[in-house]
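Worksheet: one structure, shown below.
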Amino acid sequence: MDYDPQDIETRWRERWAESGRYEADPADAEATFITVPYPYPSGGMHIGHARTYTVPDVYARYRRLQGDNVLFPIAWHVTGTPIIGAVERLKKREQGQIETLQDAFGVTESEFSDLETPMGYARYFIEKGDASYKNGMRSLGLSIDWRREFTTNDDRYSKFITWQYESLRDRGLLQKGLHPVKYCTNENNPVTTHDLLEGEDAEFQEYTLIRFRHGERVVPMATLRPETVRGVTNAYINPNETYVYATVSQAGGDEDATATAGEGWLVSEDAVRKFQLQEREVEIQERFPGTEVVGETVTNPVTGEEVPVLPASFVDADNATGVVMSVPAHSPDDYVALQEAKADDERMREYGVDPADVETIKPVPILEIEGYGEIPARDAVETAGIDSTDDPELEDVTAELYQDEFHSGRLLDSYGEFAGEVISEVRDRFREHHTGEAFDRMHEFSEEVICRCGGEVEVAKQDTWFLDYGDEAWKAKARDAVGNLTCVPDNTREQYNHTIDWLDEWPCIRNYGLGTRLPWDDDFVIEPLSDSTIYMSYYTIAHLIDDVPVEELDRTFFDTLFHGAEAIENAEVVGVEEPREPDDRALELREEWEYWYPVDVRCSGNDLIQNHLTFFLFHHAELFDRSQWPEGITVMGMGLLEGESMSSSKGHVVLPGEAIEEFGADTVRFFLLNSAEPWQDYDWRGERVQNTRDQLERFWKRAVEVLEDDAPVEGNTAGEMSDEGPTVELTHIDRWLLSKLQTTVQETTAALEEFETRSASQAAFYKFEEQLKWYRRRADLDRPGAAWTLREVLRTRLRLLAPFIPFITNELHERLTGGPAEDAGWPESDPELASDRIEVREQLVEAVTEDIHDIVDVTGTDPEQIRLYVAPEWKREVFETVREVGTDVGAVMGTVMEEAHLREKGDVVNELVQDLVGFVRERDEAELAELAAVDEQSIYEDARAFLEREFDATVEVIRAADSDDETADDAIPFRPAIHLA
RNA sequence: GCGAGGGUAGCCGAGCCAGGCCAAAGGCGGCGGGCUUAAGACCCGCUCCCAUAGGGGUCCCUGGGUUCAAAUCCCAGCCCUCGCACCA
């Protein structure tokens, strides 16, 4: 009977589907609710996703075996733009998109037309294509209640989201305000990171604009280090670019912008659009080349000093305002640029700048910092040996000095009230202090950003609705929810708290995308992270709510459902003043919700702690009672494929379907769970998966041997295994294996309670294999007792392994007992079978076996006769003394020497005491007590047959006291002297 | 910088929270043997150094410390990985 996973797995899948095995409804048993993020079907399912969903499945299966009523549901997240973007790219037949679809996910050209609408595309990857999530999940044998599926684009789900956002608005947690967004200047639309060709890593940077003056005009210069304003020695402008003079006024409600109406600004032409996008009205008055300004002077708004404007081709007119200030004392860039300007008289003259004036420019230090001289930038540049602005190392040197100055630079006396303070402490206050007349601000990306359409992307400030995670009262509730939580692994707790601390305003709407419209403004759609914060509650009623007409799913309906009749009738729901009539249907559904909630465990990726998981806590803490707050979050690690990160677009993925076809679902599951704990990163390597497959095959073969060994065991034939205990005679070694089995049960259980799927499967599978190996060597297997023991061991292990490898274990368990493992209950460790005594005794046999092996190896002999000398009674007496007196050699000697018959043995006793003290130290009380009760002679005598087999020699066990052999003197308690001949 | 995690034998990787049974699980690779006409698969043994009697030496990033005892606890340092958002 060969191992044929395809055959076995197909049968069980069909059985589960037909019987609705994992459909869960409220019952008397304890409810356990396990959820995992609903997949986002913007592409197919790969092996990394497979693990994400298999980890909670193992836990779900474990809890079911423990007798819980377990709900493990799934749905589909389609909100937002990625699917729309994918469809657009497909329609344009973009090469990359076509390749991803065909190569990574096996979509055929004839199927393309099905994928050309967003929901068509989603449906394909939800359930149609070979790489669809549903196919993958069913193949893996996930124990999902499929009745509860929905998508986040469903009308009823949208009503649920509407309820949430109205509630949050009424609680004052949804606010309106301006926020920076990525905006494509070609399409005139906000864009998401997924829409970018370049600049995926770009960050929004808030620049301070230093409002230099040129006569009546303002010349704003952008900087990230406003405190260096007193160190400005000159400005740079690009002589080859176009600049403008424009009137600028503040528009909209941007409180940060301070430009007074109609003020005249001098900026690059490219900057105009940036300001317009950032809530300013800009009207160009005249255009002129940069050369026109070069050679002029501008006035520093803080110091009142006049500084020259020098020409510089390195100035990027498309970055910020196109005019930059130079702080050569603290910016290595500026320092080197100034050196170059000084060296290039001809160029200065060309632009009408007197080289003599340039020569007089001296770096002006504004701070002091340990480890650098008066002019830190000069030190940094000279140490690195940089003498050109083209030197690639200059960037690193600049970054390093900025870091150092930020964290340990202290402002000089010229800063008055700010003098002596560290930059990191003082920067914000200094900026605030000057904001208005001297400082303004603007946003800019940290690097160039290009849209997929080829258009340039700029920072735009847009009016938006945001979730106010900065609200202190809300933060406090969220922290409370963390306190309530079982975090796996435990060290993630701090990360949640940290995230709660720094989360601030979160813009929760977008201009376009799939999903739910903002209830009071149809132009906007609620973005994906914001519509998935409490959806787990929707699972509890998802299969029943279809019976309720959409239009009846109003505020009262969901308020009734989640807050109950009393709260509705008494107008206790925040934001609703009127007492209302509770909705009857909602009250029925409320029972479902109350049965399943709270979420027992949410399994999710560790990358989601910073947003989704913390949002999940925030929203539960606000919208639901404390008793419905999440009880646990288990966080999962990332996957690698052959040592490299998976990537659908590069085709570097393995599909579950392919892997299951090659290895079988049990192998795929076992590998994914066994190669690392859930929260650790794992690496899918084909070679190792094959290994796992081989191991399962071996397991299968051994199990079949046990099944087929129908040596007549009274009352224990197949189909009649029970918890009744042995009906045949068991020997010491049988009992030893059964005792080890109890430890295995305990370890596996403890590990699964902690979500340690790796430790659990290691204990139940690999570690126990080691015990079996010894048992097979040690035991006479042709006994009814051995057959019974092996069957009992198999029956228990099949149940322990059932959460991990459900197909093979159910199949074997059914063949063994008549029923599947998943219906047999989780094994409990039997105290009757767990025996320290037996294990301690067996350890002595293992030890002596190992010692004989050592001697044989070292000497290279092949003994024909082995003699074991058991330590004499007086040595046992000394052992007893050590046990009683403790591990203080002096004290033991004192006691021992009181005995005349020991005293006369002299030094030998001293040595023995030393040995025994070491021996006792390493063992605990219980073990020593068991040892004290041991009759060594009989133990080795009982193991004689085994030892003779093992070494192919005759074995004699002799009392050392009865022998003249000198070797016999070496015997110490629990370590017989060994003589080989 | 802030936050989190980590550095273990040729490689991968357990152990560390709860110090001793740790020359340190398991796997891979390597070596030897068995089975086989042969190869593969499978099975057995070995795989830090020394050693012809169960022994000794050195070892878990580096340097200190605590302890009878440290891979494990404490301190300092070096190096590495991940996240830092408005994106699923």
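Letters A, B, ... mirror the listed sequences (proteins, then strands); counts begin at 1.
B:G64 sits 14 Å from B:U72 when the P atoms are compared, rounded to a whole Å. The same atom, C1', is picked in B:C43 and in B:G54; the two are 27 Å apart, to the nearest Å. Separating the C1' atom of B:G20 from that of B:A71 is a span of 13 Å, rounded to the nearest Å. Comparing B:G65 with B:C60, their P atoms are spaced 16 Å from each other, to the whole Å. Spacing of P atoms, B:A51 relative to B:A41, comes out at 34 Å, to the nearest Å. Comparing B:G30 with B:G10, their C1' atoms are spaced 9 Å from each other, to the whole Å. Rounded to whole Å, the separation between the C1' atoms of B:A9 and B:G27 comes to 14 Å. Between B:G15 and B:G7, the two C1' atoms lie 15 Å apart (nearest whole Å).
A sub-4.0 Å separation between OP1 or OP2 of B:C87 and a side-chain N or O of A:R510 is present. When the side-chain nitrogen and oxygen atoms of A:N611 are compared with OP1 and OP2 of B:C86, none of them lie within a distance under 4.0 Å.
If you take CZ of A:F406 and P of B:G1, they are 11 Å apart, rounded to a whole angstrom. The distance between atom CG of A:N691 and atom C1' of B:C12, rounded to the nearest whole Å, is 12 Å. Rounding to whole angstrom units, CD1 of residue A:I83 and P of B:C87 are separated by 17 Å. Spacing between atom CH2 of A:W502 and atom C1' of B:A4 amounts to 13 Å, rounded to whole angstrom units. A:D501 places its CG atom 12 Å from the C1' atom of B:C2, with the value rounded to the nearest Å. The interatomic distance linking A:D504 (CG) with B:C84 (P) rounds to 17 Å, in whole Å. As rounded to whole Å, 18 Å separates atom P of B:C86 from atom CG of A:D531. Look at CG on A:D683: it is 13 Å from C1' on B:C11, rounded to the nearest Å.
In this entry B:C31 has B:G45 as its Watson-Crick or G-U wobble partner, both defining distances falling under 3.5 Å. Figure legend. B:A18 is base-paired to no nucleotide; pairs are counted as Watson-Crick or G-U wobble with both atom distances under 3.5 Å. In this structure, B:C73 forms a base pair with B:G65, meeting either the Watson-Crick or the G-U wobble geometry with both donor-acceptor distances under 3.5 Å. B:G5: Watson-Crick or G-U partner is B:C80, with both key distances under 3.5 Å.
Legend: residues meeting salt bridge (Lys or Arg N to Asp or Glu O under 4.0 Å) with A:R778, ordered by chain and number and at least two apart, are A:E842. A:R921 is linked by a salt bridge (Lys or Arg N to Asp or Glu O under 4.0 Å) to nothing, counting only residues two or more places apart in sequence or in another chain. Applying the side chain to side chain contact (heavy atoms under 4.5 Å, CB included) test to A:V87 and every residue at least two apart in sequence or in another chain returns A:I83, A:K91, A:Y121. In this structure A:F755 satisfies the ring pair (Phe, Tyr, Trp, His ring centres under 6.0 Å) test together with A:Y59, sequence neighbours excluded. In this structure A:Y53 satisfies the ring pair (Phe, Tyr, Trp, His ring centres under 6.0 Å) test with no other residue, sequence neighbours excluded. By the side chain to side chain contact (heavy atoms under 4.5 Å, CB included) test, A:E505 is found to be paired with A:H179, A:F466, A:D468, residues two or more places apart in sequence or in another chain being considered. Remark: A:E747 pairs with A:K767 by the salt bridge (Lys or Arg N to Asp or Glu O under 4.0 Å) rule, at least two apart or across chains. For A:F105, the ring pair (Phe, Tyr, Trp, His ring centres under 6.0 Å) partners two or more places apart in sequence, or in a different chain, are A:F125.
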List, with names and distances, any nitrogen or oxygen atoms from the protein found under 3.5 Å away from nitrogen or oxygen atoms belonging to nucleotides 40-48 of chain B.
residue	atom	partner	partner atom	Å
B:C43	OP1	A:R698	NE	3.0
B:C43	OP1	A:R698	NH1	3.4

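Remark on RNA chain B: of its neighbouring residues A:Q610 and A:H498, the 5'-side contact belongs to A:H498, judged by nearest-heavy-atom nucleotide.
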Report, one line per pair, each donor and acceptor closer than 3.5 Å where one atom sits in a side chain of residues 911-918 of chain A; sequence neighbours left out.
none

Original post:
Where along nucleotides 15-26 of chain B does protein come under 4.0 Å, by heavy atom, of base (B) or sugar-phosphate alone (S), with - for untouched nucleotides?
Top reply: -----B-----S
**OP:** Produce a footprint string for nucleotides 52-57 of chain B: one letter per nucleotide, 5' end first; B if the base is under 4.0 Å from any protein heavy atom, S if only the sugar-phosphate is, - if neither.
**Re:** SBBS--
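Remark: side-chain polar atoms of A:S963 are not paired, donor with acceptor, to backbone N or O of A:A960 under 3.5 angstrom.
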**OP:** Any chance you could lay out the side chain to side chain donor-acceptor pair (under 3.5 Å) test for A:E756 and A:W679, step after step, and finish with the verdict?
**Re:** CA-CA 9 Å; A:E756 293 167 359; A:W679 52 89; over 6 Å; no
Subject >> salt bridge (charged side-chain N to carboxylate O under 4.0 Å, His left out) between A:E930 and A:R837, worked out >> reply: CA-CA 6 Å; A:E930 292 298 351; A:R837 172 160 307 173; 2.9 Å; yes
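Crowding of A:E846 atom CD: a count of heavy atoms from other residues, nucleotides or ligands under 6.0 Å exceeding 12.
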